Amino acid sequence: MPIRYYRLFDILQRRKLKKTDLLHLANISSPTLAKLSKGETVTTEVIEKICNALDVQPGDIMEFERMPQSTMRIKTERIDA
């Protein structure tokens, strides 16, 4: 899970909002909220809705977690001239 959303849930907690409040504020679905809670992939449209609803920037609600080099697979392609 290279993208983590714990910052989003921290913001909700500080603002005394529940996850269900976010459903209504951002007009997102329950399955989408479940994806966020599990750290799964969501669309940029969802991120945009949340940012608009909470008046924040994407970096305020999510964090990129770099994978260790040893677990990354690098695909190289041969370019024929």
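Remember, it's a predicted structure, so these values are computed and weren't measured experimentally.
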Heavy-atom closest pair, residues Tyr5 and Glu40: CE1-O, 3.5 Å
Specify the closest pair of heavy atoms between Phe9 and Leu36, including all atoms of both residues, with the distance to one decimal. CE1-O, 3.8 Å
Residue list, side chain to side chain contact (heavy atoms under 4.5 Å, CB included) with [X], at least two apart or on another chain:
X     : answer
Asn52 : Glu48
Ala53 : Leu25, Ala26
Ser30 : Leu23
Thr43 : Glu45, Val46

As an exercise, state the distance from OH of Tyr6 to CD of Glu65, rounded to the nearest 0.5 Å. 9.0 Å
Atom pair CD1/CG of Ile11 and Leu17 - distance to nearest 0.5 Å: 10.0 Å
Contacts of type side chain to side chain donor-acceptor pair (under 3.5 Å), residue Thr20, not counting sequence neighbours: none
Partner set under side chain to side chain donor-acceptor pair (under 3.5 Å) for Ser37, not counting sequence neighbours: Lys19
Determine whether a donor-acceptor pair (N or O, by modelled atom type, separation under 3.5 Å) exists between the side chain of Lys49 and the backbone of Ile28. no
Taking the side chain as every heavy atom from C-beta outward, state whether Asp21 and Leu12 have any pair of such atoms under 4.5 Å apart. no
Is the shortest heavy-atom distance from the side chain of Leu54 to the side chain of Leu22 under 4.5 Å? yes
What residue pairs, at least two apart or across chains, pass salt bridge (charged side-chain N to carboxylate O under 4.0 Å, His left out) with a residue in residues 5-18? Arg7-Glu63
